> 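My structure is below; once you've seen it, I'll send some questions.
Please read these numbers as outputs of a predicted model, since none were measured by experiment. Residue indices begin at 1 and follow the sequence shown. Below, each value reflects all heavy atoms present in this structure, side chains not excepted, and no hydrogens, waters or symmetry copies.
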Amino acid sequence: MTIEILHKFNLNDQVQQEIQDLYKQLNDKNKQRPLHQILQDDNHVVFAACKHEGHIIGIALLATYKVISGYRGLIEDVVVNSEHRGKGIGRKLMQKLLAEAEHLNLDEIILFSGHHRTAAIKLYKSLGFTTRESGVYNLKIADS
């Protein structure tokens with residue numbers, strides 16, 4: 001099992017399909033964007049993938065952006081294949097992203113998680129994440 005950063009030159013039909021199938025385990029309602037759009041040079045996304053026997057079994061993304069208050073990262077789309085959960089893969093993916101964040105000199109990392117995802121929340125807290133005392137507001141601009 002290896003944890004690596006996925007780049008646009010790693011893309012092929014198999015990678016696209018494996019990630020598409022994996023993401024459905026996280027959210028089968030959202031429309032997925034093609035990976036070549038995610039991995040564009042100007043998109044500022046670090047895409048960590050866990051590979052086992054040549055197949056992608058876990059992913060986690062870190063989007064970075066600069067605002068007046070600092071250089072931030074937003075962790076998105078953390079999912080491990082249901083057949084491989086409980087083996088520390090989510091932790092390894094998160095640690096890879098945290099190392100990348102440190103390398104990029106980010107000031108802060110933010111993530112959102114559903115209250116029902118107790119295993120994920122336990123993982124995030126064990127990595128040092130704390131609950132922010134603020135509300136989350138959402139406005140859908142387009143169907144996705």
> Identify, with sequence neighbours excluded, every residue that meets side chain to side chain donor-acceptor pair (under 3.5 Å) alongside E100.
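Per chain and number, E100 pairs via side chain to side chain donor-acceptor pair (under 3.5 Å) with no residue.
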
> Between atom CD1 of I121 and atom CZ of F129, what is the distance when rounded to the nearest 0.5 Å?
12.5 Å

> For residues 40-63, which residue pairs pass the salt bridge (charged side-chain N to carboxylate O under 4.0 Å, His left out) check, not counting sequence neighbours?
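Listed once each, the pairs are E4-K51, K8-D41.
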
> Might you work through the side-chain hydrogen bond (donor to acceptor under 3.5 Å, both in side chains) test for Q20 and Q16, ending with a clear yes or no?
CA-CA 6 Å; Q20 184 175 353; Q16 178 71 51; 4.6 Å; no

> I need the minimum non-hydrogen distance between E83 and N81, along with the two atoms involved.
N-OD1, 2.8 Å

> In terms of hydrophobic clustering (I, L, V, M, F, W, Y; side-chain heavy atoms under 4.5 Å; direct or indirect links), are I110 and L139 co-clustered?
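No, I110 and L139 fall in different hydrophobic clusters.
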
> Mind checking side chain to side chain donor-acceptor pair (under 3.5 Å) for D107 and listing every partner two or more places apart, or none if nothing turns up?
none

> Taking only residues two or more places apart in sequence, or in another chain, which ones meet H44 in a ring pair (Phe, Tyr, Trp, His ring centres under 6.0 Å)?
none

> In chain order, what residues pass the ring pair (Phe, Tyr, Trp, His ring centres under 6.0 Å) check against H7, with sequence neighbours excluded?
F9

> Looking at Y65 and Y71, what are the two nearest heavy atoms and their distance?
O-CD1, 3.4 Å

> For H84, give me all partners under ring pair (Phe, Tyr, Trp, His ring centres under 6.0 Å), at least two apart in sequence or on another chain.
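Residues passing ring pair (Phe, Tyr, Trp, His ring centres under 6.0 Å) with H84: H52.
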
> Inspect the surroundings of CG in D13 and state if more than 12 heavy atoms from other residues, nucleotides or ligands are less than 6.0 Å away.
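Incorrect, the count does not exceed 12.
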
> Under the salt bridge (charged side-chain N to carboxylate O under 4.0 Å, His left out) definition, can you give me all pairs with a residue in residues 58-73, not counting sequence neighbours?
R72-E108

> Return the set of residues passing side-chain contact (heavy atoms from CB on, under 4.5 Å) with S82 (not counting sequence neighbours), or none when no residue passes.
Q25, R85

> Give me the atom names and distance for the closest heavy-atom approach of N27 to K29.
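Looking at all heavy atoms of both residues, the closest pair is OD1-N, 2.8 Å.
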
> Assess whether side chain to side chain contact (heavy atoms under 4.5 Å, CB included) is satisfied between N43 and Q37, documenting all intermediate values.
CA-CA 8 Å; N43 197 34; Q37 290 180 2; over 6 Å; no

> Which residue pairs pass the side chain to side chain donor-acceptor pair (under 3.5 Å) test with at least one member in residues 111-128, sequence neighbours excluded?
R91-S126

> Please check if the side chain of N30 supplies one atom and the backbone of Q32 the other of a donor-acceptor pair under 3.5 Å.
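Not confirmed, N30 side chain does not pair with Q32 backbone.
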
> Are V46 and V67 connected into the same hydrophobic cluster when the rule is that any two of I, L, V, M, F, W, Y join if their side-chain heavy atoms are below 4.5 Å apart?
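No, V67 does not connect to V46 through the hydrophobic network.
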
> Which other residues belong to the hydrophobic cluster containing I59, where Ile, Leu, Val, Met, Phe, Trp and Tyr are joined when side-chain heavy atoms lie under 4.5 Å apart, directly or via other members?
L6, L11, V15, I19, L22, Y23, L26, L35, I38, L39, V45, F47, I56, L61, V79

> Is there side-chain contact between N138 and K140, with heavy atoms separated by less than 4.5 Å?
yes

> Members other than I89 in its cluster, when Ile, Leu, Val, Met, Phe, Trp, Tyr link by side-chain heavy atoms under 4.5 Å?
M1, I3, I57, V80, L93

> Any chance you could measure L62, atom CG, to L104, atom CG, to the nearest 0.5 Å?
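Nearest 0.5 Å value for the CG-CG distance: 7.0 Å.
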
> Going through the checks in order, is the side chain to side chain contact (heavy atoms under 4.5 Å, CB included) test met by I75 and I109?
CA-CA 7 Å; I75 292 183; I109 299 173; 3.7 Å; yes

